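I have placed the structure first, in the form of structure tokens, so that the comments after it can refer back to it.
Just so we're on the same page: letters track the sequence lines, and every chain starts at 1. Since we're looking at a predicted model, the values are computed, not measured. Values reported hereafter were calculated over all heavy atoms of this structure, with side chains retained and with hydrogens, waters and symmetry mates removed.
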Number of protein chains: 2
Amino acid sequence: MPKVVDHEERRRELAAAVWRVITRDGVANVSMRTVAAESGWSSGALRHYFATRDELLAFACQQVLARVTERITALNPQGEPHEVVRVLLLETMPIDTERHVEASITFAFLALGLGDPKLAAVQRQILVGMSGLCLNLISHLLPMESRERQVSLARRLNAVVDGLSVHILASHLTPAEAVSELDAHLADLPT
Amino acid sequence: MPKVVDHEERRRELAAAVWRVITRDGVANVSMRTVAAESGWSSGALRHYFATRDELLAFACQQVLARVTERITALNPQGEPHEVVRVLLLETMPIDTERHVEASITFAFLALGLGDPKLAAVQRQILVGMSGLCLNLISHLLPMESRERQVSLARRLNAVVDGLSVHILASHLTPAEAVSELDAHLADLPT
DNA sequence: TCTTTTATAACACGACCGTGCGATGATCGG
DNA sequence: CCGATCATCGCACGGTCGTGTTATAAAAGA
């Protein structure tokens with residue numbers, strides 16, 4: 001057998017190059033060539049692991065989801081329920097450089113794939129996962145509320161988190177302002 | 001003097017063509033040529049009114065802002081304060097076809113111009129206008145609250161509206177679900 | 001009618017794009 | 001040591017892009 005490389009590992013490495021290109025030059029500048037140059041490989045080598053550009057983009061998007069969910073599940077927060085919810089949700093918001101990269105990529109893909117069904121599936125995973133997390137958190141935080149009320153508050157929490165994230169990304173809020181607003185929202189939840 | 005056309009009017013007509021291209025093929029497919037074909041003019045004619053592609057995009061984005069603000073200021077809602085707030089905010093959300101087009105364009109530009117300073121200025125106008133509207137509404141709705149509390153609640157209202165809008169655009173919520181969640185949020189505001 | 005100015009059209013250029021394809025290098029079982 | 005096979009490379013094709021430049025049509029004042 002000839003030299004064989006770990007395909008999955010190589011694909012992750014190439015996805016990281018996609019992230020760097022997106023954060024530096026914007027999602028519009030992601031091409032086979034730019035990603036190849038960024039990763040240090042030739043375009044032909046890139047094509048061994050991703051047949052088309054759409055495939056490359058979809059994988060890069062999925063990798064963001066994988067990283068965030070892995071970080072969240074690895075996290076095992078202790079302490080007061082409000083604090084637990086806070087820590088978990090902050091894991092998804094662009095409050096530092098690493099998370100800012102992830103969030104900007106997520107939103108770039110969301111806007112880019114408003115019509116592309118290939119990417120829409122990945123987006124769906126992200127949104128469903130996020131809303132599921134919110135519903136879990138709310139139901140643990142407010143177990144006495146009715147189910148409909150829980151669903152409503154979870155939807156709203158989801159909207160607050162994503163809305164604040166968008167406003168950070170657009171430089172309309174600072175991370176500190178957004179975090180304190182999330183805190184205020186959690187504090188205002190019905191007891 | 002030769003034949004002279006209303007430049008502003010022509011530019012609005014071409015911006016409308018940009019919108020159609022965006023909603024049909026996505027923002028990535030906006031080029032001088034596609035917009036020219038969509039508008040029925042030649043690419044040379046297009047270039048008379050917009051020297052560069054960036055200029056065309058920035059104007060198309062500004063037109064969205066102009067249309068929404070015009071609609072809001074033209075609106076003179078009567079009745080209960082909560083209802084007034086509701087009607088004004090719904091004017092900005094993608095709850096029907098026309099507003100869906102506007103919101104998806106706004107959001108597409110937001111993602112597209114995360115690094116482009118030309119478009120960032122237009123986005124800034126939109127975000128500042130929106131947050132100013134929210135602060136006005138909150139301060140009229142809850143005049144007795146402290147200023148800091150008003151600012152906080154306005155920020156949160158802004159995040160809820162934008163978050164729900166994003167979730168509609170991503171087909172994660174139906175317009176009806178989002179509207180009822182906005183209603184629930186308004187109902188939950190401190191008295 | 002002629003001139004001048006504007007609107008529109010048509011085309012050319014260089015750059016980049018996605019993608020297919022053949023050549024080359026590396027690595028192992030035989 | 002030798003072919004079989006995977007990894008990698010480089011290039012070439014057709015297409016689209018943004019953007020100039022130039023030519024033509026139209027219309028209004030002289």
Side-chain angles (χ1 to χ4, degrees), chain A residues 1-22 24-61 108-109 111-113 115-119, chain B residues 1-22 24-61 108-109 111-113 115-119:
Chain A
M1 294 267 283
K3 164 176 156 187
V4 59
V5 308
D6 183 339
H7 269 237
E8 234 14 66
E9 169 60 27
R10 177 63 53 86
R11 284 161 72 92
R12 277 193 292 272
E13 176 188 339
L14 295 172
V18 174
W19 298 346
R20 290 197 297 275
V21 173
I22 291 181
R24 177 159 33 82
D25 306 323
V27 71
N29 289 81
V30 173
S31 73
M32 292 293 197
R33 284 167 168 79
T34 58
V35 172
E38 174 66 33
S39 67
W41 298 95
S42 74
S43 55
L46 207 169
R47 227 178 152 297
H48 253 272
Y49 300 96
F50 298 100
T52 72
R53 178 177 178 268
D54 294 343
E55 205 178 305
L56 172 63
L57 284 173
F59 183 82
C61 190
F109 278 118
L112 185 142
D116 189 329
K118 286 282 181 79
L119 293 180
Chain B
M1 295 269 281
K3 164 177 158 188
V4 57
V5 308
D6 184 339
H7 269 235
E8 234 15 66
E9 169 61 26
R10 176 63 53 86
R11 283 161 72 93
R12 275 194 292 272
E13 176 188 339
L14 295 172
V18 174
W19 298 347
R20 289 197 297 275
V21 173
I22 290 181
R24 177 161 31 82
D25 306 323
V27 72
N29 289 81
V30 173
S31 74
M32 292 293 196
R33 285 167 168 81
T34 57
V35 172
E38 174 66 34
S39 67
W41 299 95
S42 75
S43 52
L46 208 169
R47 228 178 151 295
H48 249 285
Y49 300 95
F50 297 101
T52 73
R53 179 177 177 269
D54 294 343
E55 203 178 307
L56 172 64
L57 284 173
F59 183 82
C61 190
F109 278 117
L112 185 142
D116 189 331
K118 285 283 181 76
L119 292 180

Please give me the minimum heavy-atom distance between [X] and [Y], naming the atom from each residue.
X	Y	answer
A/Glu13	A/Trp41	OE2-NE1, 3.1 Å
A/Ala111	B/Ala108	CB-CA, 4.2 Å
B/Thr34	B/Asn29	OG1-O, 2.9 Å
B/Trp19	B/Ala60	NE1-O, 3.2 Å
B/Ala36	B/Leu46	N-CD1, 3.4 Å
A/Arg11	A/Tyr49	NH1-O, 2.7 Å

Check: Which side-chain hydrogen bond (donor to acceptor under 3.5 Å, both in side chains) pairs, counting each pair once, include a residue from residues 50-61 of chain A, with sequence neighbours left out?
Finding: none
Roughly, in whole Å, what's the span from [atom1] in [X] to [atom2] in [N]?
X	N	atom1	atom2	answer
A/Phe50	C/dT19	CZ	P	13 Å
B/Glu9	C/dA7	CD	P	14 Å
A/Arg47	C/dC17	CZ	C1'	13 Å
A/Leu46	D/dA7	CG	P	14 Å
A/Asp25	C/dC16	CG	P	13 Å
B/Asp54	D/dC17	CG	C1'	13 Å
B/Trp41	C/dA7	CH2	P	11 Å
B/Asp6	C/dT6	CG	P	16 Å

Margin query: Under 4.0 Å from OP1 or OP2 of C/dA7: is there any side-chain N or O of B/His7 that close?
Written below: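 Checking C/dA7 against B/His7, a side-chain N or O does come within under 4.0 Å of OP1 or OP2.
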Notebook entry, point to check: Base, sugar-phosphate, or nothing: which does A/Tyr49 touch, judged by heavy atoms less than 4.0 Å apart?
Noted result: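 Touches sugar-phosphate only.
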N/O contacts under 3.5 Å, protein versus nucleotides 11-16 of chain D?
from, atom 1, to, atom 2, distance (Å)
D/dA12, N6, A/Arg33, NH2, 3.4

Next item on the list: Measure from the side chain of B/Met32, starting at C-beta and using heavy atoms only, and say which of C/dT19, D/dG18, C/dA9 lies closest.
Entry: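 Comparing C/dT19, D/dG18, C/dA9 against the side chain of B/Met32, the answer is D/dG18.
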